[in-house]
There are 2 protein chains.
Amino acid sequence: MRRRDRIIEAAIELFGEVGYRAAGLRDIAARAGITHPGLLYHFGSKEELLAAVLQHRDEQQESMISAVHMTPEAVLAALYALAEQNTAEVKLVEMFATLSAEATDPNHPAHEYFTCRYADVRRRFTALAQVLVDAGWTRPGLTAEIAATNIIALMDGLQIQWLYDPEAIDMVAQLDCFVRSVVLVSPT
Amino acid sequence: MRRRDRIIEAAIELFGEVGYRAAGLRDIAARAGITHPGLLYHFGSKEELLAAVLQHRDEQQESMISAVHMTPEAVLAALYALAEQNTAEVKLVEMFATLSAEATDPNHPAHEYFTCRYADVRRRFTALAQVLVDAGWTRPGLTAEIAATNIIALMDGLQIQWLYDPEAIDMVAQLDCFVRSVVLVSPT
DNA sequence: GTCTATACCCAGATAGAC
DNA sequence: GTCTATCTGGGTATAGAC
């Protein structure tokens with residue numbers, strides 16, 4: 001079972017660097033220390049490998065955000081924690097940035113996955129934002145859904161600029177600027 | 001010269017759909033109504049075609065934003081106009097979203113182009129934001145550079161979500177929400 | 001489980017006819 | 001200018017030895 005994980009790790013790396021379509025099974029296998037038929041013994045096809053990679057990530061990050069019964073303070077804390085975690089897991093961020101753009105194409109094998117994922121993430125973040133709105137912490141005239149969509153977009157976009165120039169972009173500071181514009185109650 | 005333009009248009013389409021690396025010269029040529037050696041007569045190599053596509057776009061959008069001697073009102077108007085224009089030129093938006101993620105890889109032939117482009121866009125937008133800051137229109141404690149980085153990130157991220165579900169995302173409305181959080185003077 | 005060898009296909013690019 | 005034909009390299013996947 002250790003082998004499978006090494007392959008998945010290698011796949012995350014290469015999918016992030018060149019995208020799914022341009023990534024070669026030989027390259028992925030080499031990084032995992034085997035040859036490409038060896039890889040195909042474990043996964044069977046390239047698409048199966050992709051599915052495993054996406055599922056792996058979902059499991060790993062399952063419990064992150066469940067908005068139920070959260071205080072406004074906890075919501076804000078969770079937001080900053082998420083941004084900080086992103087700056088740490090470079091490889092995973094790189095892969096998601098690359099794949100989410102590539103899978104825009106309806107024919108892409110991960111298209112459905114990302115369509116559902118964005119809908120889901122938007123739902124979760126809307127619930128989070130609603131906590132802030134209900135608490136009266138937000139700027140008047142702001143709806144939870146629009147704010148949620150904006151914050152997701154912000155994080156996605158920041159990740160791209162950050163990948164081009166990690167020195168120039170401080171994602172947490174950028175997020176903080178955004179939050180302070182939207183949240184009126186002092187965020188500590 | 002009409003032929004060249006048809007090829008470039010087809011290339012924009014396919015680069016947007018599947019990315020540069022996964023796009024085939026035969027597909028591009030077919031969409032332009034010729035065969036792939038015919039295409040190579042005009043451009044010589046795939047990379048040359050990519051360069052032509054990027055340059056074509058730069059020329060077309062050259063005069064968009066020059067911040068010199070702009071009033072705060074004009075800055076805001078330009079921002080909204082840009083967002084509206086983006087919703088119109090679907091193909092171009094799709095290509096830039098796809099390529100800017102793909103070219104994150106330092107080995108990508110467009111990597112240098114996008115590195116420079118982001119630095120340049122960030123510089124221009126910072127100048128625009130500075131006009132608002134100097135006019136006292138912005139929330140206190142806000143720096144022009146951070147705001148500029150955020151607004152670029154926002155637009156990039158919105159484009160991705162919009163490509164997945166055009167019905168669900170109104171880019172101008174999203175931008176408006178962001179602007180109203182940052183700009184305190186009534187934006188009409 | 002992992003390998004070598006190979007089948008088969010499609011990529012970018014070139015040669016040379018028209 | 002655009003074509004057909006072809007070269008070479010790399011892609012995914014399979015067969016079969018060890």
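Hydrogens, waters and symmetry mates play no part in the numbers below; they use all other heavy atoms, side chains included. In what follows, chains are A, B, ... by sequence order, proteins preceding strands, each numbered from 1. Note that the structure is predicted; figures quoted are calculated from it, not measured.
- Within the nucleic acid shown, B:Ala23 comes within 4.0 Å of sugar-phosphate atoms alone, with no base atom in reach, counting heavy atoms only.
- A salt bridge is absent between B:Arg57 and B:Glu89: the closest approach of a Lys/Arg side-chain nitrogen to an acidic carboxylate oxygen does not fall below 4.0 angstrom.
- Remark: C1' of C:dG12 and CG of B:Leu50 are 14 Å apart, rounded to the nearest angstrom.
- In this structure, NE2 of B:His36 is placed 12 Å from C1' of D:dT2, rounded to the nearest angstrom.
- Among the atoms of the strands shown, base atoms are found under 4.0 Å from some heavy atom of B:Arg26.
- Atom CZ in B:Phe43 sits about 16 Å away from atom C1' in C:dG12, given to the nearest Å.
- For B:Leu49 and C:dA11, the CG to P distance is 15 Å, given to the nearest whole Å.
- Between the CD1 atom of A:Ile28 and the P atom of D:dA13 there is a distance of 11 Å, rounded to whole Å.
- Two residues are said to be in side-chain contact when any heavy atoms from C-beta on lie closer than 4.5 Å; B:Val172 and B:Tyr80 meet this criterion.
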(message) Please evaluate residues B:Phe96 and B:Asp156 with respect to the criterion side chain to side chain contact (heavy atoms under 4.5 Å, CB included), reporting the C-alpha separation (whole Å), side-chain torsions for both, the decisive distance (0.1 Å), and the verdict.
(response) CA-CA 9 Å; B:Phe96 265 80; B:Asp156 283 353; over 6 Å; no
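- Nearer to the 5' terminus of DNA chain C, by closest-nucleotide assignment, is the contact made by A:Arg3 (compared with the other of A:Arg3 and B:Glu47).
- Here the closest heavy-atom approach between residue B:Leu175 and residue B:Leu79 is recorded as CD2-O, 3.7 Å.
- In this structure, A:Leu40 reaches the bases: a heavy-atom distance under 4.0 Å links it to at least one base atom across the strands shown.
- Using a 4.0 Å heavy-atom criterion, one finds that B:His42 contacts the sugar-phosphate atoms exclusively.
- Between the P atom of C:dT2 and the CG atom of A:Leu25 lies a distance of 16 Å, rounded to the nearest Å.
- Contact between the side-chain N/O atoms of A:Thr35 and the OP1/OP2 oxygens of C:dC3 is found at a separation under 4.0 Å.
- No engagement by B:Ala22 is indicated, since no non-hydrogen atom pair under 4.0 Å with the nucleic acid exists.
- A salt bridge does not link B:Arg31 with B:Asp27: none of the charged nitrogens is closer than 4.0 Å to a carboxylate oxygen.
- Going from atom NZ of A:Lys46 over to atom C1' of D:dG10 covers 12 Å, rounded to whole Å.
- Distance A:Arg6 CZ to C:dT2 P: 10 Å, rounded to the nearest Å.
- Distances shown here put every side-chain N or O of A:Arg21 at or beyond 4.0 Å from the OP1 or OP2 atom of D:dG11.
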